[in-house]
Amino acid sequence: KIMSKTQENLMAAFAGESQANRKYLAYAKQADKEGLTMVAKLFRAAAEAETIHAHTHLRNAGKISDTAANLQDAISGETYEFTKMYPEMIKDAEAEGNNAVAKYMGFVNAVEEVHAKLYQKAAANELSNTDFYICPVCGYTHEGPMTEACPVCKAPAANFYTVG
Ligand code: FE2
Ligand code: FE2
Ligand code: FE2
């Protein structure tokens, strides 16, 4: 269906605020590395505010449904990424000889496929009663504690962390 100008604006603002959030968190890490603790704090505080803006815009755009519908939306987003978006981007990176990016995007592609499968599991009400563990290198997302190296990027199991 056709979006109103305001709804279109909300989605553009959502994209911008979302990017600002992740960018400021990356900038905060860099500021910490440079020993600029106060600047890091400011970046993290502003990042938090941008998240509030992003979530309010998304809600006002009417884009948050019930969880059953949100899971379907998440499945289609992840599926688009691993079947179309990343495969094409990987080809482009290879064509331009950017092998590091092609390789990392290959990892990401594999992780998005895992996300689609996990969301499908959730939609079928088949998640185990356990925490999720994340690979700090590639983002590989594992249901339950990790006992062996990352199946995607080979990072050691000990480096995985949980987000509950
Ligand atoms: Fe903002
Ligand atoms: Fe994903
Ligand atoms: Fe990994």
Side-chain angles (χ1 to χ4, degrees), residues 6-29 31 39-61 63-65 67-90 93 99-124 126-128 130-164:
T6 294
Q7 218 180 4
E8 226 174 78
N9 290 343
L10 284 167
M11 291 312 288
F14 170 68
E17 299 284 358
S18 301
Q19 286 195 39
N21 164 265
R22 304 328 285 187
K23 197 163 71 173
Y24 291 167
L25 291 179
Y27 289 173
K29 261 192 210 173
V39 180
K41 282 186 192 188
L42 172 58
F43 274 131
R44 277 193 294 271
E48 182 65 24
E50 311 311 5
T51 293
I52 293 170
H53 299 163
H55 286 178
T56 306
H57 292 333
L58 190 65
R59 187 173 345 100
N60 285 338
K63 297 285 188 183
I64 306 177
S65 306
T67 296
N70 292 341
L71 282 169
Q72 291 309 313
D73 177 70
I75 291 165
S76 53
E78 299 285 352
T79 301
Y80 163 72
E81 288 179 356
F82 85 80
T83 59
K84 187 162 166 49
M85 186 185 87
Y86 280 122
E88 286 174 7
M89 288 180 174
I90 290 164
N99 298 324
V101 167
K103 184 179 176 193
Y104 190 75
M105 282 185 165
F107 292 166
V108 174
N109 195 65
V111 173
E112 309 308 9
E113 185 166 3
V114 170
H115 289 165
K117 291 215 169 89
L118 286 169
Y119 284 138
Q120 274 156 0
K121 230 177 145 178
E126 285 169 359
L127 287 179
S128 335
T130 183
D131 289 337
F132 291 93
Y133 286 74
I134 313 293
C135 174
V137 177
C138 75
Y140 172 71
T141 307
H142 189 256
E143 215 182 347
M146 220 38 207
T147 52
E148 44 195 46
C150 177
V152 172
C153 78
K154 311 292 173 222
N159 294 357
F160 275 62
Y161 63 97
T162 184
V163 292

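The first residue of the sequence shown is numbered 1, and numbering continues consecutively from there. Counting starts at 1 for both ligands and their atoms, in listed order.
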Check the pair K23, E50 against salt bridge (charged side-chain N to carboxylate O under 4.0 Å, His left out), reporting the backbone distance first and the verdict last. CA-CA 10 Å; K23 197 163 71 173; E50 311 311 5; over 6 Å; no

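The aromatic rings of Y119 and H115 are tilted relative to each other, their planes meeting at an angle between 30° and 60°.
Note on the Fe ion (ligand 1): protein N/O/S atoms under 2.8 Å are E17 OE1, E17 OE2, E50 OE1, H53 ND1.
Vertex the Fe ion (ligand 3); arms to C138 atom SG and C153 atom SG; angle 120° (nearest 10°). The Fe ion (ligand 2) forms the vertex of an angle spanning ND1 of H115 and OE1 of E78; to the nearest 10 degrees it equals 110°.
Between the side chain of E112 and the main chain of E78, no donor-acceptor pair closer than 3.5 Å is present. A distance-only check finds no donor-acceptor pair linking the side chain of D131 to the backbone of G144 [under 3.5 Å]. One N or O on the side chain of T141 and one on the backbone of G139 form a donor-acceptor pair closer than 3.5 Å.
The shortest distance between side-chain heavy atoms of Y140 and C153 does not fall below 4.5 Å. Between H142 and F132 the shortest side-chain heavy-atom distance does not fall below 4.5 Å.
At a cut-off of 2.8 Å, E112 is counted among the residues with an N, O or S atom near the Fe ion (ligand 2).
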